[in-house]
Structure formats: structure tokens, C-alpha cells
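Letters A, B, ... are given to chains in the order of the sequence lines, protein chains preceding strands, and every chain is numbered from 1. These figures come from a predicted structure and were not determined experimentally.
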2 protein chains.
Amino acid sequence: MSVNPVFTRSITRSRLSDEIVTIIQQQIMSGMIAPGTRLPTERDLAESFKVNRTTIREALRKLENLDLLDINHGDGVYARNYLESGSLDLIKMAIYSGSDNCKSLLDILEVRRIIVPEMASLAAKRRTAADLEDLRYSVLKADLTMLERDIKVHQMIARCTHNLLCTIILNFFNQVFRDYGYLYFDDERNVTRSRTFHHEILEAVKNRQPEEACRIMQDVLSYAEKAVRSAMAARTQKES
Amino acid sequence: MSVNPVFTRSITRSRLSDEIVTIIQQQIMSGMIAPGTRLPTERDLAESFKVNRTTIREALRKLENLDLLDINHGDGVYARNYLESGSLDLIKMAIYSGSDNCKSLLDILEVRRIIVPEMASLAAKRRTAADLEDLRYSVLKADLTMLERDIKVHQMIARCTHNLLCTIILNFFNQVFRDYGYLYFDDERNVTRSRTFHHEILEAVKNRQPEEACRIMQDVLSYAEKAVRSAMAARTQKES
DNA sequence: ATTGAATCATTGGTTCAACCAATATACCAA
DNA sequence: TTGGTATATTGGTTGAACCAATGATTCAAT
């Protein structure tokens with residue numbers, strides 16, 4: 001199993017406010033800050049973190065966007081229950097910063113296996129001629145890594161559903177796999193498997209065969225899930 | 001069909017930065033600002049919107065959190081393609097501010113009908129004794145509107161899966177239905193239907209019957225989808 | 001005692017004016 | 001052509017001040 005170095009991932013020094021976001025986010029999700037708790041005022045937070053109030057405000061704003069905080073003008077800032085209000089980005093942060101990122105990744109794979117085959121089915125029913133052209137282009141386009149091509153193909157299938165929520169959910173999966181896809185594509189056998197898959201699904205969508213498309217997608221996702229599971233197991237074993 | 005007034009929805013005067021978010025968001029999603037376009041500098045934006053640069057910065061940060069913008073220190077701010085990067089909150093904004101909120105709502109119902117029955121199946125398989133107690137409590141608890149109870153029941157079923165992504169996705173659905181649930185629960189027949197559903201699904205989860213739970217959920221969601229469709233049709237007809 | 005208006009302290013929202021830090025560009029030398 | 005260097009541009013951070021919404025307190029009227 002070859003490990004290809006990747007130089008494309010741009011490195012950006014994180015903002016001060018983002019570091020504060022991470023700290024507070026972990027305190028909320030770990031339960032250290034209980035739901036309903038009132039946080040210190042912006043001015044107090046600025047003092048304890050030794051940053052400007054503007055910086056604190058940017059951090060609080062981001063945490064509000066993550067649905068982790070409730071900010072009320074004239075009143076104060078309150079922690080929310082992330083189990084009742086958390087946004088999708090939360091699980092992204094859980095993967096990147098959390099210790100049990102394995103579990104979250106497996107959770108994502110499970111949900112993907114449930115929903116994406118149904119997307120394939122809808123895609124086969126609803127695709128237009130233009131959609132088909134775009135999908136074909138993604139499958140046949142030359143200069144792409146298999147990961148990039150795979151992401152593109154899934155994206156196109158989601159768009160074929162003409163359901164905005166499908167498109168957005170698939171974006172989420174893709175954002176994750178852009179970072180963790182190597183767990184799968186490092187194995188040359190899986191690359192071959194995906195190549196086959198792309199042609200099969202293109203054929204099914206072209207011929208408007210919903211059940212067939214669903215089955216093809218289901219097969220490849222079950223296969224991928226197992227592959228990633230064992231890749232992750234191998235890695236954790238190697239580390240110990 | 002009675003229309004119950006709702007006084008629970010708190011009204012908050014929106015922040016200046018949020019108004020700017022809405023403006024720029026619509027310009028991006030309508031294509032007026034093409035993906036890859038470089039936006040004016042923060043200083044220029046502040047001048048044209050006639051607000052302080054700090055305010056503009058808060059707006060840009062939020063748009064970045066929505067995955068609509070790419071902000072690069074030392075370089076500039078670029079519009080992204082929301083079809084490739086948009087976050088879940090986008091579709092929420094599409095519902096609230098967009099003109100075709102009907103379409104988005106139907107999209108959501110469709111995806112829900114696909115994924116939530118599978119959650120019910122997982123819930124029946126994985127629920128613990130404590131989970132069951134929580135679910136039972138939600139079904140039997142007295143002082144709740146049917147909408148609130150329904151939201152709680154779905155939330156509990158999602159939690160029974162012990163899959164964080166399921167929980168978060170369900171939060172999203174609930175956030176939407178907290179605002180649009182009246183389309184369904186305004187009809188007394190649907191309230192009765194949901195009451196039955198709650199007891200049935202509780203029974204199936206209690207007895208660890210995955211297929212049964214899945215079927216029950218599928219039935220009620222199909223029913224609800226049709227009901228909302230016709231309610232929406234009735235409303236748009238009444239308006240014209 | 002209860003209600004409701006007036007007051008005030010607290011807290012988030014906005015503005016202003018600087019300065020710090022990363023990036024792109026143009027330019028120059030090897 | 002390559003690689004370093006200076007500079008302008010642009011986002012990031014700071015400090016201090018003031019605006020605006022909220023909750024608590026007070027007190028008068030009922």
C-alpha cells in the first residue's frame with residue numbers, strides 16, 4: 001500500500017479567533033460548559049483570552065453560526081445543547097480536532113451508504129440530456145486524480161436529482177473525503193474498482209435504470225466502507 | 001382548517017452585518033456574482049455599504065462560514081461556487097428569503113423520506129434501555145403541542161442510532177419543521193395520525209423490530225409529504 | 001399587594017483610527 | 001531562467017469610545 005505525499009493541500013495559519021472557536025467548541029461539546037450556561041461577557045472573555053474584543057466577537061459569531069451559542073443583544077451569551085441544535089460543520093470539526101475521529105468518519109460512511117444510492121436512483125429518473133453530458137465528461141475527462149474524478153462523479157449524480165438538499169449533502173461528503181479519501185485510494189485495487197464503478201453508473205443513468213443505479217451505488221459504497229474500515233484498522237494497529 | 005396564531009417565535013432585530021450577508025448571499029446564489037470573482041476589498045465594501053469595516057468583516061466571516069466565500073489574508077476575498085461548496089444553512093436561507101421556498105421544502109421532505117426510515121431501523125437495532133426510556137417519555141409526556149412532541153420523538157429516534165451525523169441531520173429537519181410544521185398540524189386529522197405513529201414507532205423500537213420501525217416511519221413520512229403538498233397547493237391557490 | 005411606568009446598570013452592536021502580518025507583484029541580480 | 005528583495009495591497013488585530021437592547025430596580029398609582 002503506497003502512501004503518496006500530497007503537496008496540494010494549502011496550509012494557512014489560522015486566525016486568532018478560530019483558535020478561540022476551537023477552545024470554546026471543545027468545552028461545549030465535552031460538556032464542560034453545560035447547555036444553558038451563560039458565558040462571561042465579551043469584555044471579560046477578551047480579557048481572559050488576552051485578545052481584543054473584536055477578535056472575541058468574531059469567535060462568538062462563528063460559534064453562533066455553528067448553532068453552539070445563543071447571542072442576545074442586551075442580555076448575554078448562552079451555550080446551547082449541540083445535540084439539539086448542532087450544524088453539519090460540527091461533525092467536521094469533530095473529525096479534525098476530536099480524538100475519536102474514527103467513529104465520526106464511520107458515522108459519515110454509514111449515512112452515505114443509506115442516502116447516496118437513493119440519490120443515484122433519483123438521478124437515473126430525472127437526469128436531463130445536459131446532466132448526462134456533464135456526468136459523461138466527469139467520467140471520461142483525462143487529467144484528474146481518481147479521488148478528484150470520484151468526487152466529481154458523485155457531485156454530478158447529486159445534481160442530476162435536481163434536489164438542492166441532495167447537492168448540499170453531497171458537498172458535505174465530498175469535503176470530508178477530499179481529506180480522507182487517501183484511506184481508500186491509496187490501495188490500487190480500490191482505484192480500479194472505482195474506475196469500473198464510474199462507467200457502470202454512467203451507463204445506468206444514461207439508460208434511465210433507477211434500480212440498477214441504486215444497486216451499483218450500494219455495492220460500491222458497501223465495498224468502500226469495508227475498505228476504509230480495514231484501512232483504518234491497519235493504521236491504528238501500525239501506530240500501536 | 002384552523003390557523004393557530006403562534007406567539008413563541010421570538011422576533012429579533014437583525015444585525016447590520018446580517019443584512020449585508022443576505023444581500024451578498026443572494027447576489028452569489030443568483031449568479032450575479034460569478035464563482036471565482038474577486039470581491040472589492042473590505043475597505044471598499046465598507047465604503048460602499050456605508051458601514052464600518054468591522055461590520056463588513058463580520059458579514060464576510062459569516063459568508064465564509066456558509067462556504068460562499070474564500071477569504072485569503074494578503075490576497076483578497078473570492079466568491080465560491082455554492083453548488084460545489086454550500087453548507088446546509090444555505091438551504092435554510094433559501095427557504096426563508098427565497099421566492100421558491102416551496103421547492104426547497106419539498107426537496108427537504110423528499111430527502112427526509114429517504115433517510116429517516118433507515119434511522120428508525122438503526123434505532124430499533126441499537127437502542128439502549130436508557131434510550132427507550134427517553135423515547136417513551138417523549139411519547140407520553142403530557143404538556144406538549146403535537147408539533148413539539150413530534151420533533152422530540154424524531155430527535156430521540158435519531159439519537160438511538162448512536163450516529164452523530166444522524167442526530168445532526170435530524171436537527172436540521174426539526175429546525176425547518178419548527179417553522180413549517182403548521183402546514184401539517186393545522187389539520188386535526190394529521191394530529192391524530194401522528195399520535196398513532198408515535199405509539200407504533202415506540203412499540204417497534206421497544207421490541208427491536210428494525211423492518212417494522214422502518215415501515216412505520218416510511219408510511220407516516222409518505223403520508224406527511226402528501227399532506228404538506230396538498231396544504232401548500234391549497235395555500236398558493238387561496239392566495240391567487 | 002399588584003400593576004405599570006420610569007430609571008439605571010449591564011451587555012451586545014457599531015464606529016473610528018491606527019498598526020501588524022501575509023500575499024502578490026515588480027524589479028533586479030546571479 | 002531562477003531566486004532573492006523591496007514595495008504596495010489586503011486581510012488580521014488592537015484600543016477606545018459610543019449606540020442600543022435587555023433585565024433589574026425603584027416607585028407611584030390602583
Side-chain angles (χ1 to χ4, degrees), chain A residues 7-25 27-28 33-80 85, chain B residues 7-25 27-28 33-80 85:
Chain A
F7 299 110
T8 58
R9 185 138 160 223
S10 64
I11 175 77
T12 57
R13 185 202 189 107
S14 74
R15 289 176 270 232
L16 260 179
S17 59
D18 283 340
E19 294 181 28
I20 293 169
V21 166
T22 304
I23 293 173
I24 297 180
Q25 176 243 341
Q27 291 191 353
I28 291 178
I33 300 177
T37 305
R38 180 182 177 152
L39 270 64
T41 67
E42 295 181 345
R43 291 168 176 85
D44 289 346
L45 283 171
E47 196 177 354
S48 41
F49 279 109
K50 291 185 173 35
V51 296
N52 189 270
R53 197 179 144 214
T54 311
T55 307
I56 285 290
R57 278 181 59 77
E58 292 205 359
L60 294 183
R61 207 42 156 303
K62 178 150 186 177
L63 289 162
E64 184 191 38
N65 291 337
L66 287 171
D67 289 336
L68 287 177
L69 293 182
D70 231 350
I71 304 179
N72 304 309
H73 187 178
D75 184 1
V77 179
Y78 297 84
R80 302 178 65 176
S85 66
Chain B
F7 300 109
T8 59
R9 184 136 163 225
S10 62
I11 175 75
T12 57
R13 185 205 190 101
S14 73
R15 291 177 267 234
L16 258 181
S17 60
D18 282 341
E19 294 181 29
I20 293 169
V21 166
T22 304
I23 294 172
I24 297 180
Q25 177 242 339
Q27 292 191 352
I28 291 179
I33 299 177
T37 305
R38 179 180 179 153
L39 270 64
T41 67
E42 295 181 345
R43 291 167 176 86
D44 289 346
L45 284 170
E47 196 176 354
S48 40
F49 279 106
K50 293 186 172 35
V51 296
N52 190 269
R53 195 177 144 216
T54 310
T55 306
I56 285 290
R57 278 181 59 77
E58 291 205 0
L60 295 183
R61 285 305 290 284
K62 178 151 186 178
L63 289 162
E64 185 191 36
N65 292 336
L66 287 171
D67 289 336
L68 286 177
L69 293 183
D70 230 352
I71 303 179
N72 304 307
H73 189 179
D75 184 0
V77 179
Y78 296 84
R80 301 179 65 177
S85 66

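Using a 4.0 Å cut-off, no side-chain N or O of A/Arg53 falls inside it from OP1 or OP2 of D/dT14.
With A/Leu60 as the partner, the side-chain contact (heavy atoms from CB on, under 4.5 Å) test is satisfied by one option alone out of A/Ile71, A/Ile20, A/Leu68: A/Ile71.
In this structure, CD1 of A/Ile71 is placed 14 Å from P of D/dT22, rounded to the nearest angstrom.
The pair B/Glu58-B/Arg61 does not meet the salt-bridge criterion, since no charged nitrogen lies less than 4.0 angstrom from a carboxylate oxygen.
When the nucleotides D/dT13, C/dA21, C/dG12 are ranked by their closest atom to the side chain of A/Arg15, D/dT13 comes out on top. Relative to the side chain of B/Ser17, the nucleotides D/dG11, D/dT14, C/dT14 differ in distance, and C/dT14 lies closest. Among the nucleotides C/dT23, D/dG11, C/dG13, the one closest to any side-chain atom of B/Asp75 is C/dT23. The side chain of B/His73 sits closest to D/dG12 out of D/dT13, D/dG12, C/dT14. Distance from the side chain of B/Leu16 is smallest for C/dT15 among the nucleotides C/dT15, C/dG12, D/dT13. Listed nucleotides: D/dG12, C/dG13, D/dT14. Nearest to the side chain of B/Arg43: D/dG12.
For A/Asn52 and D/dG15, a side-chain-to-base donor-acceptor distance below 3.5 Å is present, hydrogens and geometry of angles not being considered. Put simply, the side chain of B/Arg61 and the base of D/dG12 share no donor and acceptor less than 3.5 Å apart.
Residue contacts for B/Arg38: at a heavy-atom cut-off of 4.0 Å it reaches the sugar-phosphate backbone alone, with no base atom in range. Nucleic acid contact for B/Thr54: base, since at least one base atom lies under 4.0 Å from a heavy atom of the residue. Heavy atoms of A/Leu60 sit nowhere under 4.0 angstrom from any nucleic acid atom.
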